[in-house]
There are 4 protein chains.
Amino acid sequence: MASRRSSTTRGAGGRPRDPHIDEAVIAATLEVLAETGYPGLTLEEVARRAGTSRPAIYRRWAGRARLALAAIASRLDVPAPPDTGCTLCDLAEGFNVFLAAYRTIRPDVLSSLYAECAPDPELQARYLETVIEPSRRAVGETLDRAVARGDLRPDTDREQLLDVFGSLVHYRALFGRRHMSDTEAEKVVETLLHGVAVDYPALLARSEALEQAHPEASTAHHAHPSAS
Amino acid sequence: MASRRSSTTRGAGGRPRDPHIDEAVIAATLEVLAETGYPGLTLEEVARRAGTSRPAIYRRWAGRARLALAAIASRLDVPAPPDTGCTLCDLAEGFNVFLAAYRTIRPDVLSSLYAECAPDPELQARYLETVIEPSRRAVGETLDRAVARGDLRPDTDREQLLDVFGSLVHYRALFGRRHMSDTEAEKVVETLLHGVAVDYPALLARSEALEQAHPEASTAHHAHPSAS
Amino acid sequence: MASRRSSTTRGAGGRPRDPHIDEAVIAATLEVLAETGYPGLTLEEVARRAGTSRPAIYRRWAGRARLALAAIASRLDVPAPPDTGCTLCDLAEGFNVFLAAYRTIRPDVLSSLYAECAPDPELQARYLETVIEPSRRAVGETLDRAVARGDLRPDTDREQLLDVFGSLVHYRALFGRRHMSDTEAEKVVETLLHGVAVDYPALLARSEALEQAHPEASTAHHAHPSAS
Amino acid sequence: MASRRSSTTRGAGGRPRDPHIDEAVIAATLEVLAETGYPGLTLEEVARRAGTSRPAIYRRWAGRARLALAAIASRLDVPAPPDTGCTLCDLAEGFNVFLAAYRTIRPDVLSSLYAECAPDPELQARYLETVIEPSRRAVGETLDRAVARGDLRPDTDREQLLDVFGSLVHYRALFGRRHMSDTEAEKVVETLLHGVAVDYPALLARSEALEQAHPEASTAHHAHPSAS
DNA sequence: TGCTAAGCGAGACGGTACGTCCCGTCTTAAT
DNA sequence: ATTAAGACGGGACGTACCGTCTCGCTTAGCA
């Protein structure tokens, strides 16, 4: 993640930055994040460990969140899209792609960090681009290939599926309920590919019949009457 | 949410607590949360608005997170499980059940709050019980009914499906990518019920064939289910 | 010099101050003043040496100047008015009374401190009361006694004389031109008592004659014409 | 006040200095001094107002104090020695000579500035030469003329008297106790010329008698002059 | 009914970290 | 060669808030 100056101005006049400080600060940041998590990430402490001062950090990153993002970005590498020809395997592997970030960085750090990024649109975008988009792009390619190969239906909602991948991994990493194992990944993939309905067309027909009987019920925020 | 003393000590001798303070603090907390989000939730500010002092708050709730949880709990009401007999509609409605919390409380507040709760198991449990479990229970009932009705396959993984519900809603509310509309909810439900594969058995067969040919090439630690 | 709280409120509720901190801060202040002078008096450094924090100092004294004044006041003791019956000796000794402050505290410290106090009337008053007034009062008594004794003329301008004492000591201590020795003190006293005119009445008469000739010259800010 | 380079180096090769900056900086300095006093004299602010940069100032003056001295010197003009033939009037006017500096420049500025100059001998000398010496020289001439004229005793201590003038003006300007009016100046002059003793020889005699009776009782280190 | 002690309310404390101002210096580009 | 100007690294500032301690008062339960 680029520092403030080099991303806004081309290397104009003025004393150049000491690159050792950049490195030391990023390293100190990762260290503190690993030890004490995001709430313990104090610019004071980072400066102390990096052997520099708070203003030097502010000159590079406009606040705690951006510093953390920069540090994290420096450790996450762009994932390769799974591509074995086996759609089932590739999709299961897709979960691992999303999981990579949570294995590299403590999930609670990502969670806290995102919480701090959320209110600021620009920050939020930066977070997504750093932590989530690379995985989406990789697995997105995998999906495209599967569709092209004729394994998935052509009208498959790409983004929706990616959301399911991303959200599930995030959710489980976060709420720590169960960590996403390969076995579970495959079970989810099975569900997504196969569906859970015994007889989907019948369910669809029933739904449409109901809808015609009570057309007003199709509006948003509706509540279905308890009677059938 | 009960205050600390009334849940630990029986009302022994001494000056009784002023119940107006409890109310005023909860109200002030919700006010501040609504205005400035969780990072802006300062005990100082809450005390100021509630017309009381910080120690009075500490005496009731052991910290910011517990206070916020108490305040939030006082506003969330237990959702009723959707039950119209139409599985498709019920499940789509299930998303609204999960969404309710995010509509009542700012999503970024929930996110930040959880981030603060995560490190402490007891706090995390309290968060889950307050914010997530009620929805899971409600939609869980709906799922059970659908299985009992024969609409869903008997081996449907209940928790997995609830995770998809919960995580998707959380993810979208949080990352604000697209807000979860009823239409989208129905599309997701369709995917879950119907699956996205063109020919699932063929995919499964291919996967197994590949695995037997190159057992080492498959991802580590996974085992394909043998049943269709 | 009293700390802020104890001088404004009577010991109301709240946690009482740690008196060790008061002492440690005053001691550290004097230490720093002695080592590095007033410009080197950093609250940061004082806090460091006193083993406390900056806010703890601010809670006691509203800024660097007040802290320095308090520290200085704690070291200056009220001088006794010289009283030997020998007017000449007493007055010469009066210079030592004024000098005491400059011997206890580095003159440059006093000078810098006053420079910082000057713009704020309240601070200025506090400085005067702390550093200068005690000497004025003491030597004032000596003067009064000399007048009562009939040694000085009854219409002697008490404040004017004290100003000469105070200003000369201040001036010499400050500008370090010559340090005020006892010998010099006596020479000044001689001047003040005896005057430097060869024939004062004659000078006075001449002045009055001139004034009558050019009455407009007596106005303030006048410039005497070069012609006699 | 000459800038650094032109006084040390002869105009060697290289880019010539922009003389507008010199002027602009001096003007900005006086402006800031007038508005916010010496503590508010920030090189940052001066550079801002002068439309230049801090290094440009440092290149010309080695620090805040020298800059301020240069700016002040550019505004103070050399006073003419009072010379009307009327010793009383001339001496009273002498106070105005000393006062001129304090009327041109805010007294608190002079005080603060001197405080900053004091520790550095070279700087101190420069301050004295700029602010004080011109007045001393002027009034010194006046004194010499009065002695020559036979109005003052030949053994009058020239420097001592000048100190009284300078210190009193400084003291009153600074401590703002009473501003030095012409009337007061005349009263002081009267004191200096005439003395305040009722019978000086008697006082002197008494002092010497006491000293012979109790030589140890006299203050340490002083020696009474033997001459009258 | 009066006494005692438990517990409450509020204020203030000691301290951490914040974000900013300014200093004095270094570096590049221009003259 | 030296200037002008921008930016750097860093010291210190004054403040917000945290979590805790202390006080005086209120109240319930016991004598």
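To find a chain, count down the sequence lines: A is the first, B the second, and so on, and within it residues start at 1.
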Peer 1: Is any side-chain heavy atom of T42(D) less than 4.5 Å from a side-chain heavy atom of V46(D)?
Peer 2: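 Side-chain contact under 4.5 Å: no.
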Peer 1: Roughly how many Å is it from CZ in R49(D) to P in dC22(E), rounded to a whole number?
Peer 2: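 My rounded result for the distance is 12 Å.
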Peer 1: Hey, does the side chain of T42(C) come within less than 4.0 Å of dG11(F)'s phosphate (OP1/OP2), counting only N and O?
Peer 2: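 Result: no.
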Peer 1: Can you find a side chain N or O atom of R54(C) that sits less than 4.0 Å from OP1 or OP2 on dA17(E)?
Peer 2: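 So the side-chain polar atoms of R54(C) never come under 4.0 Å of the phosphate oxygens OP1 or OP2 of dA17(E).
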Peer 1: Which is more 5' along DNA chain F, the nucleotide nearest P19(A) or the one nearest I21(D)? Just name the residue.
Peer 2: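 That would be I21(D).
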Peer 1: Measuring from the side chain of R17(C) (C-beta onward, heavy atoms only), which nucleotide among dG15(E), dG14(E), dC8(F) has the closest atom?
Peer 2: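 Per side-chain heavy atoms of R17(C), the pick is dG14(E).
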Peer 1: Can you measure W61(A) atom CH2 to dC8(F) atom P for me and round it to whole angstrom units?
Peer 2: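 To the nearest whole Å, that distance equals 12 Å.
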Peer 1: Under 4.0 Å between a side-chain N/O of R60(B) and OP1 or OP2 of dG9(E), yes or no?
Peer 2: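 Indeed, a polar side-chain atom of R60(B) lies that close.
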Peer 1: For P55(A) and G51(C), take the nucleotide of DNA chain E holding the closest heavy atom to each; which residue's nucleotide lies nearer the 5' end?
Peer 2: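 The residue closer to the strand's 5' end, by nearest nucleotide, is G51(C).
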Peer 1: Give the rounded distance in Å between these two atoms: CD of E23(C) and P of dG14(E).
Peer 2: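 To the nearest whole Å, that distance equals 13 Å.
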Peer 1: Measure CZ/R59(D) against P/dA1(F) and give the value in whole Å, please.
Peer 2: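 Between P of dA1(F) and CZ of R59(D): 16 Å.
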Peer 1: Rounded to the nearest 0.5 Å, what's the gap from CD1 on I26(A) to CZ on R60(A)? Could you check?
Peer 2: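 Result: 10.0 Å between the selected atoms.
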Peer 1: Return whichever of E44(A) or G63(D) has its heavy-atom-nearest nucleotide of DNA chain E closer to the 5' end.
Peer 2: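 In this pair, the answer is E44(A).
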Peer 1: Hey, what do you get for OG (S112(C)) to OH (Y38(C)), rounding to the nearest 0.5 Å?
Peer 2: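 Those atoms lie 8.0 Å apart.
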Peer 1: Round to the nearest Å and state the distance from L67(D) atom CG to dG24(E) atom C1'.
Peer 2: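 So the two atoms are 15 Å apart, to the nearest Å.
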Peer 1: Students often get this wrong, so: under 4.0 angstrom with heavy atoms, is R64(B) touching a base, only sugar-phosphate, or nothing?
Peer 2: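 Contact class for R64(B): none.
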Peer 1: Tell me: CG of D18(C) to C1' of dG15(E), nearest whole Å?
Peer 2: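 It works out to 13 Å between those atoms.
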Peer 1: Scan G40(C) against the nucleic acid and name what it touches under 4.0 Å (heavy atoms): base, sugar-phosphate only, or nothing.
Peer 2: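 Result for G40(C) = nothing.
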Peer 1: Please state how far atom CD1 in I57(D) lies from atom C1' in dA5(F), giving the value in whole angstrom units.
Peer 2: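 It is 12 Å, rounded to the nearest whole Å.
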Peer 1: Rounding to an integer number of Å, can you tell me how far E45(B) CD sits from dG19(F) P?
Peer 2: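 Roughly 16 Å, once rounded to whole Å.
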Peer 1: Among dA4(F), dT22(F), dG19(E), which nucleotide has an atom closest to any side-chain atom of P16(C)?
Peer 2: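 It is dT22(F).
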Peer 1: State whether R15(B) places a side-chain N or O below 4.0 Å from either non-bridging phosphate oxygen (OP1 or OP2) of dC25(F).
Peer 2: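 No, outside the criterion.
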Peer 1: Could you give the distance from CD1 (I72(C)) to CZ (R106(C)), rounded to the nearest 0.5 Å?
Peer 2: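 If we round to the nearest 0.5 Å, I72(C):CD1 and R106(C):CZ are 11.0 Å apart.
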Peer 1: Step by step, would you call L69(A) with W61(A) a side-chain contact (heavy atoms from CB on, under 4.5 Å)?
Peer 2: CA-CA 10 Å; L69(A) 275 174; W61(A) 299 280; over 6 Å; no
